[in-house]
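To start, the structure under review is shown below, and the notes come after it.
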2 protein chains.
Amino acid sequence: MKIATKKGAKNSELIIGPAMAVDVLIFAIREEKLNVLLIQINNGPYKGKWALPGGIVALEETLDETAERVLEKKAGIKGIYLEQLYTFGKVDRDVRGRIASVAYFALVNSDKFAPKTNEYYADIAWKEVDDLPSMAFDHKEMVRYGVHRLQSKIEYSNIAYGLLPKEFTLTEIQKVYEVILGKELDKRNFRKKMKMLDLIEPTKHVKYGMRNRPAEMYKFKKRSLVFTK
Amino acid sequence: MKIATKKGAKNSELIIGPAMAVDVLIFAIREEKLNVLLIQINNGPYKGKWALPGGIVALEETLDETAERVLEKKAGIKGIYLEQLYTFGKVDRDVRGRIASVAYFALVNSDKFAPKTNEYYADIAWKEVDDLPSMAFDHKEMVRYGVHRLQSKIEYSNIAYGLLPKEFTLTEIQKVYEVILGKELDKRNFRKKMKMLDLIEPTKHVKYGMRNRPAEMYKFKKRSLVFTK
DNA sequence: GCAAAAGTGTTGAGTGTACACCCATGC
DNA sequence: GCATGGGTGTACACTCAACACTTTTGC
């Protein structure tokens, strides 16, 4: 794929440059594992490989808007946390032509939606980030990069709200931190820290129905990004 | 500016998308202020405005290579620290057409080179980031973003090496931290921290010639990015 | 000898880490 | 009554911030 840029109206000078795409990392936690939503390509040189949902940036569309469109059209998700990650620009990252890609990452609570296959790709599915299938382009590298960003960001922000339902128990949020950081945390220390950070507050609700003592439920004070340092 | 993307060789399907540029923030410290290198535009709708040095991404060139080329061609600098910052993609950021720009930032020791004007622009000069002239595009926003990145990164890495000569005194490096963070630091605490972080080591040299007690000189153990947390 | 920057330690507050037991419910 | 996860406090180590005086040189 090539791009011919026509500079100005009168001037017919032609500039050849890369095309521009957006790919979106959609993360969710499922069965105590960090997962990313992938689609399976159903034609062309990458047929059968898995890839991040993505799309070409339209002329009158900001990059953020492209990311939102991809989220909605390809995954059926709207209005969730979305952040630009990094722009990948190796010359040979797509064998079909020169396309640079701006990677975004998004967080969802996976209970809220089940991915639906459609005509554009062979399959769509959650995949564990620690056990990825064979992937097209440099998308495996994008996932690694996104996981890394998520790991650092959870340490100094309330970004975990994107992965949790409105109300949750302290054990549930601790599990989110453990899954993302990839290590176990001490229950008492975790709770002390949460209390200190002042990001969450108790609701009046209690979670019954487990075969153990019921847990108090909490919610984030703000469901928008807040930094803690 | 528009971009016509021709998909494949046989297929004449035409995709219209944004053009792609790279703009580089070149930071240096001069007279105890953080400065950025700007050029003054000498024609077109932005004539007279200041801007970051930049260039259009060529077809067979990675983004990193474009940034290196811009550094060398427009500023005459080679082989310094360079890092991708963020991609700016608002539709109307350039009145001449749709161009998304990948911003990079670079650090130099300003003693090492003096910018030279050339035929392509009206002027080239260091400008203090706290006192920027009228700027074209969204370049002021880019500078703000870059300063912010630099401020956070200096807190958990040895990135300051890019702004310092090979050898320096503890007071000189402290000044770099103070200028970037925009606040005074305690001398004893700063030295204690530096010693603990183990990023620098003493050379055998001593800086004489001041009208005061001579200072011992230090150097970074590694002049490549190292994280401290 | 005086001006100027170099160099050097201690204390208290706050944060991070390690660790063990009782409680409320479902079955 | 027993299995399961919920909930709580203390002690030590470490890091961070505040703070003042002596040393070595140039002039």
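A, B, ... follow the sequence lines: proteins, then strands. Residue 1 opens every chain.
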Nearest-nucleotide comparison on DNA chain D, the residue closer to the 5′ end among B:Lys229 and B:Arg211 = B:Lys229
Could you tell me the separation between the [atom1] atom of [X] and the [atom2] atom of [N], rounded to a whole number of Å?
X: B:Lys195; N: C:dG9; atom1: NZ; atom2: C1'; value: 11 Å
X: B:Glu172; N: C:dG7; atom1: CD; atom2: C1'; value: 15 Å
X: B:Lys183; N: D:dC16; atom1: NZ; atom2: P; value: 12 Å
X: A:Asp198; N: C:dT15; atom1: CG; atom2: C1'; value: 16 Å
X: B:Lys207; N: C:dG7; atom1: NZ; atom2: C1'; value: 16 Å
X: A:His205; N: D:dG6; atom1: NE2; atom2: P; value: 19 Å
X: A:Met194; N: D:dG6; atom1: CE; atom2: P; value: 16 Å
X: A:Lys193; N: D:dG7; atom1: NZ; atom2: C1'; value: 20 Å

Determine the interplanar angle of the A:Tyr81 and A:Tyr161 rings, folded into 0 to 90°, and report it as parallel if under 30°, tilted if 30 to 60°, perpendicular if over 60°.
-> perpendicular
Give me the residues of residues 184-192 of chain A where at least one heavy atom lies under 4.0 Å from an atom of DNA chain C, by number, or none.
-> A:Asp186, A:Arg188, A:Asn189, A:Lys192
Counterpart residues, side chain to side chain contact (heavy atoms under 4.5 Å, CB included), relative to B:Lys33 (two or more places apart) | B:Asn35, B:Glu128
Please name all residues satisfying side chain to side chain contact (heavy atoms under 4.5 Å, CB included) with A:Arg69, sequence neighbours left out, ordered by chain then number.
-> A:Glu61, A:Thr66, A:Lys73
Please assess A:Met20 against A:Leu63 for the test side chain to side chain contact (heavy atoms under 4.5 Å, CB included), listing each intermediate value before the final yes or no.
-> CA-CA 9 Å; A:Met20 226 173 157; A:Leu63 300 173; 3.9 Å; yes
Base D:dT23 paired with B:Arg213 side chain (donor-acceptor, <3.5 Å) | yes
Are A:Glu178 and A:Lys183 close enough for a salt bridge, meaning some N to O gap below 4.0 Å?
-> no
Can you check whether A:Thr171 has a side-chain N or O nearer than 4.0 Å to OP1 or OP2 of D:dG6?
-> yes
Among D:dG6, D:dT15, C:dA6, find the nucleotide with the atom closest to the side chain of B:Met196.
-> D:dT15
What residue among B:Lys166, B:Lys207, B:Lys219 forms salt bridge (Lys or Arg N to Asp or Glu O under 4.0 Å) with B:Glu172?
-> B:Lys207
Taking all non-hydrogen atoms of both residues, which atom of B:Ser157 and which atom of B:Tyr177 are closest, and how far apart?
-> O-OH, 3.9 Å
